[in-house]
Protein chains: 2
Amino acid sequence: MDRLSLTFSALADPTRRAILARLSTGAASVNEIAAPFSMSLPAISKHLKVLERAQLIARGREAQWRPCEMKAEPLREADAWIEQYRQMWEERFDRLDAYLMELQAKSADAKATSAKTAKAKKKKP
Amino acid sequence: MDRLSLTFSALADPTRRAILARLSTGAASVNEIAAPFSMSLPAISKHLKVLERAQLIARGREAQWRPCEMKAEPLREADAWIEQYRQMWEERFDRLDAYLMELQAKSADAKATSAKTAKAKKKKP
DNA sequence: AACGTATTAAACCAAATGGTTAAATACAAG
DNA sequence: CTTGTATTTAACCATTTGGTTTAATACGTT
């Protein structure tokens with residue numbers, strides 16, 4: 001599986017996102033991580049393995065503890081992927097688009113105005 | 001399933017991400033979408049259903065065609081979630097952190113410097 | 001050596017995923 | 001009304017996922 005798919009599917013679970021939220025405030029043992037959840041320890045252990053495979057966490061060894069710490073690096077790639085589409089959801093863009101649509105509709109009879117609008121749509125503000 | 005999980009798991013598949021990339025350049029029919037893939041039409045149809053459930057696409061009706069268009073809205077939320085962790089992966093931050101670590105190490109004998117360093121670490125540059 | 005705590009592994013299960021092929025549906029055009 | 005094209009549904013299959021319970025392992029303490 002590619003890194004991006006690994007990252008996204010690791011993030012596609014609320015338990016795992018909560019674990020990352022916890023770990024973003026500092027390293028923790030498996031028991032500490034498991035505490036807030038009404039779920040067996042092995043279940044948490046499996047979630048940690050998923051996060052580890054996606055390289056969103058790394059684990060150390062201290063006596064019988066396996067402290068986990070977050071590694072945000074993979075999120076950079078995920079962010080970059082999503083970023084491509086930012087202008088598609090940004091309000092400014094939507095508003096401009098709506099405005100241009102409106103202009104275009106109103107100018108059904110005024111060809112000159114319609115041409116100007118089409119030109120304006122090409123620009124990415 | 002919550003919106004965020006729906007979004008991330010929809011994105012956790014390279015075929016679906018490719019479909020979105022295609023649709024970001026304009027609406028398309030199912031056949032057009034399917035063309036680049038060596039996969040049966042029903043398989044694509046299922047992927048589209050996943051994207052639709054995540055509200056990443058919307059479908060119209062035109063005769064026997066069901067044109068799909070991308071709706072980036074859910075990406076806003078996904079972006080916001082990831083954004084929380086931006087400073088954890090940004091290089092500037094890592095460099096500063098490394099620099100402060102270094103300072104701290106060198107000042108093992110100079111208490112005053114160490115105090116300044118700790119204070120500096122609280123700020124988010 | 002025996003016990004207690006922290007964690008993982010094994011075996012199992014139900015449900016979801018990602019794919020297939022073959023059949024059904026929806027609509028346009030002869 | 002039959003045919004052709006676009007798309008979805010149904011039935012099926014293998015694999016993965018997310019959980020369980022019951023061992024097993026690893027290490028510190030007594």
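Proteins get letters first, then strands, A, B, ... in listed order; numbering begins at 1 in each.
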B:Arg16 and B:Ala10: which non-hydrogen atoms are nearest, and at how many Å?
NE-O, 2.8 Å

In whole Å, what is the span from the [atom1] atom of [X] to the [atom2] atom of [N]?
| X | N | atom1 | atom2 | value |
| --- | --- | --- | --- | --- |
| B:Ile44 | C:dT17 | CD1 | P | 17 Å |
| A:Lys46 | C:dC12 | NZ | P | 13 Å |
| A:Phe8 | D:dT17 | CZ | P | 17 Å |
| B:Trp65 | D:dG4 | CH2 | P | 16 Å |
| B:Leu41 | C:dG19 | CG | P | 13 Å |
| A:Leu48 | C:dA6 | CG | P | 15 Å |

Nearest of [options] to any side-chain atom of [X]?
| X | options | answer |
| --- | --- | --- |
| B:Lys49 | C:dA11, C:dA9, D:dT9 | D:dT9 |
| A:Ser40 | D:dT8, D:dG18, D:dT20 | D:dT20 |
| B:Gln64 | D:dT9, D:dT5, D:dG28 | D:dT5 |

Heavy-atom nearest nucleotide on DNA chain C taken for B:Met1 and for B:Met39; more 5' hit belongs to B:Met1

Assign B:Ala63 to base, sugar-phosphate, or nothing according to its heavy-atom contacts below 4.0 angstrom with the strands shown.
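Sugar-phosphate, backbone atoms only, no base.
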
Under a 4.0 Å N-O cut-off, is there an ion pair linking B:Glu73 with B:Arg76?
yes

Between A:Glu52 and A:Lys49 (salt bridge meaning N to carboxylate O under 4.0 Å), is one present in this structure?
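Result for this pair is no, no salt bridge flagged.
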
Taking B:Ser5's backbone N and O only, do any of them form a donor-acceptor pair with B:Ser9's side chain (distance below 3.5 Å, no angle check)?
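Yes.
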
Determine whether a donor-acceptor pair (N or O, by modelled atom type, separation under 3.5 Å) exists between the side chain of A:Glu32 and the backbone of A:Ser29.
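Yes: the side chain of A:Glu32 pairs with the backbone of A:Ser29.
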
Phosphate oxygens OP1/OP2 of [N]: is one of them under 4.0 Å from a side-chain N or O of [X]?
| X | N | result |
| --- | --- | --- |
| A:His47 | D:dT17 | no |
| A:Arg66 | C:dT5 | no |
| A:Ser45 | C:dT7 | no |

Name the residue closer to the 5' end of DNA chain D, choosing between A:Arg53 and A:Glu62 according to the nucleotide with the nearest heavy atom.
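Taking each residue's closest nucleotide, the earlier one in sequence belongs to A:Arg53.
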
How would you list all residue pairs meeting salt bridge (charged side-chain N to carboxylate O under 4.0 Å, His left out) that involve residues 2-15 of chain B, not counting sequence neighbours?
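Of all non-adjacent pairs touching residues 2-15 of chain B, those that pass salt bridge (charged side-chain N to carboxylate O under 4.0 Å, His left out) are A:Arg17-B:Asp2, B:Arg3-B:Glu77.
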
Hey, can you pull the residues of residues 11-32 of chain A with a non-hydrogen atom under 4.0 angstrom from DNA chain C?
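Only A:Ser29, A:Val30, A:Asn31 qualify.
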
How about CZ on B:Arg53, more than 12 heavy atoms from neighbouring residues, nucleotides or ligands closer than 6.0 Å, or not?
no

